[in-house]
Amino acid sequence: MANILNIKYYNMRKILLVILSAFLMMSATSWQDQISYEDKLKEQILALDIAAWNAWKNKDVAYFKANTTETFQSGGAYGFMTKAEMITTSFVDCTVRSFSLDDVNLVIINKKTVVLTYVAMQDAVCGGEKLPSKVRAAVTYVKVGKKWLEAFYMDAPIQE
């Protein structure tokens with residue numbers, strides 16, 4: 001009788017180990033999928049932001065019009081501007097020689113809203129005044145249909 005109980009106990013343990021292993025494998029796969037999604041989204045949003053910087057540098061108003069929301073706003077040392085004000089000032093009065101982005105992070109607010117943060121190094125002049133060479137930026141993107149659009153940009157100078 002004891003021998004039969006040992007065999008049943010052994011088989012139960014074996015079944016529990018198989019179930020536990022299957023559960024752990026499913027959890028790990030789900031976790032990897034989530035990380036993969038977040039990494040891909042960060043890469044996609046960062047590419048959009050770099051394209052926006054290049055549009056500003058190259059005075060590409062068409063890119064800016066197509067890739068920002070109608071209610072887009074921007075804020076920084078220069079004050080706050082609407083989309084229309086950005087088009088008539090920043091793309092006309094600014095000369096961007098170079099830029100680079102570092103310390104990039106993505107915060108996912110929900111399926112349709114993300115915030116990209118980074119440190120930007122820039123060599124730019126707007127309205128005859130040199131912009132701060134290093135800023136901390138936060139950029140909000142919203143998903144409209146299947147497209148991510150820039151809704152809000154804000155930066156603050158970093159004192160060196």
Side-chain angles (χ1 to χ4, degrees), residues 21-160:
S21 296
F23 176 75
L24 288 173
M25 285 175 38
M26 288 187 315
S27 295
T29 302
S30 175
W31 180 71
Q32 288 174 339
D33 288 346
Q34 183 65 25
I35 289 175
S36 178
Y37 168 77
E38 289 176 8
D39 288 344
K40 287 177 184 176
L41 182 58
K42 180 179 177 182
E43 188 177 298
Q44 178 186 8
I45 298 298
L46 179 57
L48 288 172
D49 212 71
I50 291 171
W53 276 84
N54 278 314
W56 181 44
K57 180 181 177 185
N58 299 325
K59 300 181 186 294
D60 183 357
V61 175
Y63 178 88
F64 183 76
K65 285 180 179 179
N67 292 285
T68 56
T69 63
E70 288 306 312
T71 57
F72 171 85
Q73 290 196 10
S74 178
Y78 45 82
F80 279 87
M81 286 190 259
T82 64
K83 183 174 185 170
E85 291 167 330
M86 286 287 292
I87 290 168
T88 59
T89 59
S90 290
F91 284 90
V92 176
D93 294 340
C94 295
T95 302
V96 181
R97 291 181 193 87
S98 66
F99 71 88
S100 63
L101 309 180
D102 193 22
D103 192 20
V104 178
N105 294 292
L106 184 73
V107 178
I108 300 173
I109 305 299
N110 58 42
K111 290 181 180 181
K112 294 188 175 194
T113 310
V114 298
V115 178
L116 187 70
T117 64
Y118 52 80
V119 172
M121 284 65 68
Q122 61 187 359
D123 182 4
V125 175
C126 289
E129 293 187 35
K130 183 164 178 37
L131 295 181
S133 59
K134 193 173 187 182
V135 297
R136 167 66 66 180
V139 190
T140 303
Y141 282 86
V142 295
K143 195 168 193 179
V144 179
K146 293 185 178 186
K147 188 173 183 177
W148 286 98
L149 299 176
E150 187 174 344
F152 185 74
Y153 172 90
M154 185 166 208
D155 67 35
I158 295 175
Q159 303 300 324
E160 296 189 54

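These figures come from a predicted structure and were not determined experimentally.
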* Under the side-chain hydrogen bond (donor to acceptor under 3.5 Å, both in side chains) rule, collect the residues that match up with Asn105, sequence neighbours excluded. =>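 Counting only residues at least two positions away or on another chain, Asn105 forms no side-chain hydrogen bond (donor to acceptor under 3.5 Å, both in side chains).
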* To do: Using the test side-chain hydrogen bond (donor to acceptor under 3.5 Å, both in side chains), find all partners of Asp102 that sit at least two apart in sequence or belong to another chain.
  =>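 Asp102 satisfies side-chain hydrogen bond (donor to acceptor under 3.5 Å, both in side chains) with no other residue.
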Side chains of [X] and [Y] in contact at under 4.5 Å (non-hydrogen atoms):
X: Lys147; Y: Asn67; answer: yes
X: Lys112; Y: Val144; answer: no
X: Gln122; Y: Val135; answer: yes
X: Leu149; Y: Thr68; answer: no
X: Phe152; Y: Val142; answer: no
X: Leu106; Y: Glu38; answer: no
X: Asn58; Y: Tyr63; answer: no
X: Asp60; Y: Asn54; answer: no

Looking at [X] and [Y], what are the two nearest heavy atoms and their distance?
X: Met121; Y: Val119; result: SD-CG1, 3.7 Å
X: Trp56; Y: Ala124; result: CH2-CB, 3.9 Å
X: Ala151; Y: Thr69; result: CA-OG1, 3.6 Å
X: Leu48; Y: Tyr141; result: C-OH, 3.8 Å

So does [X] have more than 12 non-hydrogen atoms from other groups sitting under 6.0 Å from [atom1]?
X: Lys111; atom1: NZ; answer: no
X: Lys83; atom1: NZ; answer: yes
X: Gln44; atom1: CD; answer: yes

* Asked: In Å and rounded to the nearest 0.5 Å, what is the OH to CE distance from Tyr153 to Met81?
  ->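 That separation rounds to 10.5 Å.
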* Backbone of Val104 reached by a side-chain donor or acceptor of Lys42 within 3.5 Å ->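 Yes: the side chain of Lys42 pairs with the backbone of Val104.
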* Will you find, in the side chains of Tyr118 and Asp49, an N or O donor that is under 3.5 Å from an N or O acceptor? ->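 Distance-only check passes for Tyr118 and Asp49.
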